[in-house]
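Structure first, then comments.
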Amino acid sequence: MTKKNFHEIICTNCESSFWINDAYSFFNKKQVCANCKAEIKTGDAGLTEQVVIGLRRKASLRAIKMAQAAKNSSQHVAKKFVKRVAKENGLKMNTDVTSVVNFFVRMVVSGLLGLALVGIGSIYYPDLQKVAAPVVCDGDFKIEVVEKLDTKTEGERSKGAVIVATCDDEDISKKTFYASVGIYGLGIFVLLTIRKAIF
């Protein structure tokens, strides 16, 4: 459950939760759980306790927002406070991004990096696209740089190079390009996933 501009408070006695919209006032007054009537810590000790609960629930961003509101401070100051609490309690901060969202972010980033690698890298090293040969061609695969003279305006010319991929003399340049982007993108995705698992 999430509510914009609201903060979730957890009772450490009965573990019930309730939402507040004024963290500054809440942590500066004596508070009692509506469910079990136990006293809920307030002040710096109470805020620290709620931040620890948030960190254990992998809700770092919500903990920072609560600290910011409770201390009436900047986000930078609140983040430093939450980092200190995390360090003192041996907890890690996270970005509150679910694993599904994280997966799709890695996929998009990998695809863009694969596109950049093939698109820019092929200008300098056309053989980068040879990785696609087993996927796009069963016959004689060739990559050639064809010089092409384009006329932009009358009297003005620019010389450019075009990379042409052929399979048994059939032009498969587009297939080769997209297959190369997919293969390098997949490789980058695997590397990012391994890096995330290790670190």
Side-chain angles (χ1 to χ4, degrees), residues 1-121 181-199:
M1 179 180 180
T2 58
K3 297 181 181 180
K4 193 177 180 182
N5 300 323
F6 278 70
H7 309 284
E8 187 180 20
I9 301 295
I10 308 294
C11 173
T12 55
N13 186 52
C14 68
E15 295 188 1
S16 60
S17 72
F18 55 96
W19 294 83
I20 59 168
N21 64 354
D22 186 354
Y24 183 79
S25 296
F26 179 87
F27 285 104
N28 283 292
K29 293 178 186 172
K30 185 177 178 181
Q31 302 293 339
V32 176
C33 174
N35 185 45
C36 69
K37 307 303 179 195
E39 185 177 344
I40 295 174
K41 283 185 190 175
T42 54
D44 275 349
L47 179 59
T48 299
E49 187 175 74
Q50 293 301 318
V51 166
V52 167
I53 292 169
L55 290 168
R56 285 183 178 148
R57 292 180 168 204
K58 301 188 184 305
S60 299
L61 293 179
R62 283 186 287 173
I64 291 166
K65 285 180 182 176
M66 182 189 291
Q68 183 179 0
K71 289 181 166 291
N72 198 19
S73 66
S74 67
Q75 187 177 19
H76 177 71
V77 170
K79 192 172 184 179
K80 280 177 73 175
F81 172 77
V82 173
K83 277 185 176 178
R84 180 171 58 78
V85 171
K87 188 176 180 181
E88 288 172 356
N89 291 274
L91 298 168
K92 287 185 178 180
M93 289 186 65
N94 60 64
T95 55
D96 291 340
V97 178
T98 65
S99 56
V100 174
V101 172
N102 205 347
F103 174 82
F104 283 111
V105 168
R106 283 200 311 274
M107 258 183 38
V108 170
V109 169
S110 301
L112 291 173
L113 288 174
L115 181 63
L117 178 66
V118 176
I120 297 168
V181 169
I183 290 166
Y184 285 113
L186 180 62
I188 292 167
F189 177 80
V190 169
L191 289 174
L192 289 175
T193 304
I194 291 169
R195 182 184 175 277
K196 181 170 172 47
I198 293 170
F199 300 104

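Along the sequence shown, the residues carry numbers beginning at 1.
In the model, Thr42 has no side-chain atom that pairs as donor or acceptor with a side-chain atom of Gln31 under 3.5 Å.
Residue Ala69 comes nearest to His7 through the heavy atom pair CB-NE2, 3.6 Å, listed as atom of the first residue, atom of the second, then distance. What you find for Phe27 and Ala70 is that their closest heavy atoms are CD1-CB, 3.6 Å. Shortest non-hydrogen contact noted between Val181 and Gly111 is CG1-O, 4.2 Å.
Environment of CZ in Phe18: crowded, with over 12 heavy atoms of neighbouring residues, nucleotides or ligands closer than 6.0 Å.
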Please tabulate, for the side chains in residues 33-40, all donor-acceptor contacts under 3.5 angstrom to protein atoms that are two or more places apart in sequence or on a different chain.
from: Lys37; atom 1: NZ; to: Ala34; atom 2: O; distance (Å): 3.3

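Applying the side chain to side chain donor-acceptor pair (under 3.5 Å) test to every pair with at least one member in residues 78-89, sequence neighbours left out, gives these pairs: Arg84-Glu88.
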Phe81 and Thr48: CA distance, side-chain angles, deciding distance, side chain to side chain contact (heavy atoms under 4.5 Å, CB included) verdict: CA-CA 9 Å; Phe81 172 77; Thr48 299; 3.6 Å; yes
CA sep, side-chain torsions, deciding dist, call: Thr12, Lys41, side chain to side chain contact (heavy atoms under 4.5 Å, CB included): CA-CA 9 Å; Thr12 55; Lys41 283 185 190 175; over 6 Å; no
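Gln50 places a side-chain N or O within donor-acceptor distance of the main-chain N or O of Ile10, the cut-off being under 3.5 Å. Not one N or O on the side chain of Ser60 forms a donor-acceptor pair closer than 3.5 Å with the backbone of Met93.
Within the model, atoms CZ of Arg106 and CG of Leu191 stand 12.0 Å from one another, a figure rounded to the nearest 0.5 Å. Atom CG of residue Leu112 and atom CD1 of residue Ile188 lie 10.0 Å apart, to the nearest 0.5 angstrom.
With sequence neighbours excluded, no residue forms a ring pair (Phe, Tyr, Trp, His ring centres under 6.0 Å) with Phe26.
Counting only heavy atoms from C-beta outward, the side chains of Ile53 and Glu8 never approach each other to under 4.5 Å.
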